[in-house]
> 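This is the structure, below, for whatever I ask next.
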Amino acid sequence: MKNRLKVLRAERDWSQADLAERLEVSRQTVNALETGKYDPSLPLAFKIARLFALPIETIFQDEA
């Protein structure tokens with residue numbers, strides 16, 4: 001699954017640690033999400049969407 005997390009985070013000048021703190025996850029989780037090594041759970045995807053005030057589909061795209 002592709003995502004725009006790195007771009008959205010950079011637009012706000014947040015570090016991975018900043019985003020992790022806001023999402024209440026580890027920095028390693030943010031890194032794994034950004035590099036596509038980990039797909040978020042549905043609750044985490046909703047939390048990310050709320051944080052950025054965007055629809056989930058705008059942040060995450062299926063690679064199929």
Side-chain angles (χ1 to χ4, degrees):
M1 177 176 294
K2 293 167 45 174
N3 67 69
R4 298 182 50 224
L5 276 181
K6 188 172 184 175
V7 171
L8 293 169
R9 179 175 60 77
E11 288 173 355
R12 288 154 181 81
D13 200 29
W14 293 346
S15 67
Q16 286 185 342
D18 293 333
L19 180 56
E21 185 177 327
R22 287 173 168 84
L23 295 173
E24 299 176 325
V25 298
S26 69
R27 187 202 56 76
Q28 290 84 356
T29 297
V30 171
N31 181 270
L33 287 166
E34 287 185 356
T35 58
K37 294 179 182 169
Y38 171 71
D39 291 335
S41 65
L42 195 52
L44 181 54
F46 273 103
K47 196 172 195 176
I48 292 166
R50 280 193 301 272
L51 177 64
F52 290 109
L54 294 168
I56 290 175
E57 300 86 4
T58 303
I59 301 169
F60 299 96
Q61 298 87 34
D62 188 12
E63 291 186 89

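Every value quoted in this text rests on a predicted model; they were computed, and no experiment measured them.
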> Can you give me the closest heavy-atom contact between Ala49 and Ile56, atom names plus distance?
CB-CG1, 3.6 Å

> Under the side-chain hydrogen bond (donor to acceptor under 3.5 Å, both in side chains) test, which residues partner Thr58, sequence neighbours left out?
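side-chain hydrogen bond (donor to acceptor under 3.5 Å, both in side chains) list for Thr58, sorted by chain: empty.
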
> Mind checking what makes ring pair (Phe, Tyr, Trp, His ring centres under 6.0 Å) contact with Phe60, not counting sequence neighbours?
none

> Pairs under 3.5 angstrom only: tabulate donor-acceptor contacts from the side chains of residues 33-43 to other protein residues two or more places apart or in another chain.
{"residue": "Glu34", "atom": "OE1", "partner": "Arg9", "partner atom": "NH2", "Å": "3.1"}
{"residue": "Glu34", "atom": "OE1", "partner": "Gln16", "partner atom": "NE2", "Å": "2.9"}
{"residue": "Glu34", "atom": "OE2", "partner": "Arg9", "partner atom": "NE", "Å": "2.5"}
{"residue": "Glu34", "atom": "OE2", "partner": "Arg9", "partner atom": "NH2", "Å": "3.3"}
{"residue": "Thr35", "atom": "OG1", "partner": "Asn31", "partner atom": "O", "Å": "2.9"}
{"residue": "Thr35", "atom": "OG1", "partner": "Ala32", "partner atom": "O", "Å": "3.4"}
{"residue": "Ser41", "atom": "OG", "partner": "Leu44", "partner atom": "N", "Å": "3.2"}

> Applying ring pair (Phe, Tyr, Trp, His ring centres under 6.0 Å), which residue pairs with at least one partner in residues 4-37 are found, sequence neighbours left out?
Trp14-Phe52

> Which residues pass the salt bridge (Lys or Arg N to Asp or Glu O under 4.0 Å) test with Lys47, not counting sequence neighbours?
Glu24

> Taking salt bridge (charged side-chain N to carboxylate O under 4.0 Å, His left out) as the cut-off, I'd like each qualifying pair that reaches into residues 12-22, sequence neighbours left out, listed once.
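Counting only pairs at least two positions apart or across chains, no salt bridge (charged side-chain N to carboxylate O under 4.0 Å, His left out) contact touches residues 12-22.
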
> Could you give me the CA-CA distance, side-chain angles and deciding distance for Leu23 and Leu51, then say whether side-chain contact (heavy atoms from CB on, under 4.5 Å) is met?
CA-CA 8 Å; Leu23 295 173; Leu51 177 64; 3.8 Å; yes

> Run the salt bridge (Lys or Arg N to Asp or Glu O under 4.0 Å) test against Glu57 and tell me which residues pass, sequence neighbours left out.
none

> Apply side-chain contact (heavy atoms from CB on, under 4.5 Å) to the pair Leu19 and Leu8, showing each step before the final yes or no.
CA-CA 10 Å; Leu19 180 56; Leu8 293 169; over 6 Å; no

> Given a cutoff of under 4.5 Å between side-chain heavy atoms of I, L, V, M, F, W and Y, with clusters grown through shared members, what are the other residues clustered with Val7?
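For Val7, no cluster forms, as it stays isolated from other hydrophobic side chains.
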
> Holding to side chain to side chain contact (heavy atoms under 4.5 Å, CB included), I want the full list of residues that pass it with Gln61, two or more places apart in sequence or in another chain.
Lys2, Arg4

